[in-house]
Amino acid sequence: MHEDLPRRVILVALLGVFVLLAYAVLNRFLIPVAWAGILAYVTWPAHCRLIALLRGQRVLSALVMTLVLGTAFVLPFIWLFMLMREELPALYAFMTEKIAGGLPPLPALVRDFPYLGQWVEGYWQRWINDPNSLKDQLEPLLKDSTDEITTMLGGVGRNAIKFAIALLTVFFLYRHGERIFDQLRRVLQRFLGPSVEGYLSAVGRTTKAVVYGLVLTALAQGLLAGIGYWGAGLSAPALLGAVTALVALIPFGTPFVWGSVGVWLLATGEIWPGIGLLLWGTLVVSWIDNLIRPLVISQATRIPFLIVMFGVLGGLAAFGLIGLFVGPVILAVLMAVWREWLEDAPASPG
């Protein structure tokens, strides 16, 4: 017993060193691998059905699923790029025409709004009396936006490489996913015991629910917001709808898009289109957010929606875009541990 102790300490130390070295080698690939794992897990039922249709051809099924996923991600970006080429100049011309024609008096609906009305009125009068002040304030914003776009375009190559790595990983996960999951479960059982089944179940339910809840809500809100932009007579409804769908991945983010557009319409004298868009956004677009997301996520995970929202926002701040899905999963595992401890703890008398 005592003779084995130094050997075990050495083995644990060596294992720790090699884990650190492995992290140094692989840390740049962790985010693409995490995306691949999420995509493979969520689409695994479709992969199994495709294997049955192809009479057990797992490699062919993995290849077809990988190509479908790649196309599903690439085509929307191509579509968005084409929209920007077609509709962005029209939107820019529309805003330039509104500004060049002179700003109209601020509508009473905005001017009399509690607290914010007087603040907006002060800026609006300054812009009416001195149109150059608006130009001076917009130029730094345009410069910052240009710098951000340049930085984003510079990262397209890196993101394309990460996307290719994620697709390659997805292909091998489709091929060997069952064996990898079985090995992972056996290793975790050695450390966590039988409880690992509950933890893995919580991770699986939460991942599917968050993916479906976020994506379905974003698509529905983008579509409905686009209809609202079209009804308000805006020159780039599809582009604004796509932007709204992207922002909708963040809980309660869409009011910042359609709300800003609605206020802009009011401020430029388009009273009824502005009021209609604000009502449409409040009663329809936001209502979808309050209906689909809590219904899909909370019922599937048995976790309060408030905890899921904290997981989404906190994960986004801590890990970036992947945190939208990782954050709720972390809290789901924590909730599973919490419930297990409550079940094992003796009930207090009375």
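Of the charged side-chain nitrogens involved, none lies within less than 4.0 Å of a carboxylate oxygen, so that D182 and R179 do not count as a salt-bridged pair.
Not one N or O on the side chain of Q221 forms a donor-acceptor pair closer than 3.5 Å with the backbone of A245. With S61 contributing its side chain and Q57 its backbone, the two residues share no donor-acceptor pair below 3.5 Å.
F319 has its side chain out of reach of I31: every pair of non-hydrogen atoms, C-beta onward, lies at least 4.5 Å apart. By the 4.5 Å heavy-atom criterion applied to side chains, L63 and Y174 are not counted as neighbours. Residues E178 and R58 meet the side-chain proximity criterion, which asks for heavy atoms closer than 4.5 Å. Counting heavy atoms from C-beta on, the side chains of Y229 and T244 come closer than 4.5 Å. Side-chain contact between I330 and L334 is absent, with no heavy atoms from C-beta onward closer than 4.5 Å. Using a 4.5 Å heavy-atom cutoff, the side chains of M65 and W44 are not in contact. Between L279 and V284, every side-chain heavy-atom pair lies at or beyond the 4.5 Å cut-off.
In the hydrophobic clustering of ILVMFWY residues, with side-chain heavy atoms under 4.5 Å counting as a link, V170 and V59 come out apart. By the criterion of side-chain heavy atoms lying less than 4.5 angstrom apart, applied directly or through intervening Ile, Leu, Val, Met, Phe, Trp or Tyr residues, F73 is not grouped with F171; the two fall into different hydrophobic clusters. Linking ILVMFWY residues whenever their side-chain heavy atoms come closer than 4.5 Å, directly or via other members, places W280 and W272 in the same cluster. If you chain together hydrophobic residues whose side chains sit under 4.5 Å apart, Y41 and L214 never meet in one group.
Closest of all the heavy-atom pairs between P32 and I165 is CB-CG2, 3.9 Å.
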With side chain to side chain contact (heavy atoms under 4.5 Å, CB included) as the criterion, how do H47 and I51 come out once you've worked through the C-alpha distance, each side chain's angles and the decisive distance to 0.1 Å?
CA-CA 6 Å; H47 172 56; I51 291 175; 3.4 Å; yes

For side chain to side chain contact (heavy atoms under 4.5 Å, CB included), just list the numbers for L168 and T66, CA-CA rounded to whole Å, side-chain angles, deciding distance to a tenth of an Å, and then say yes or no.
CA-CA 8 Å; L168 182 63; T66 303; over 6 Å; no

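Summarising the geometry, atom CG belonging to L15 is positioned 9.5 Å from atom CG belonging to L20; distances are rounded to the nearest 0.5 Å.
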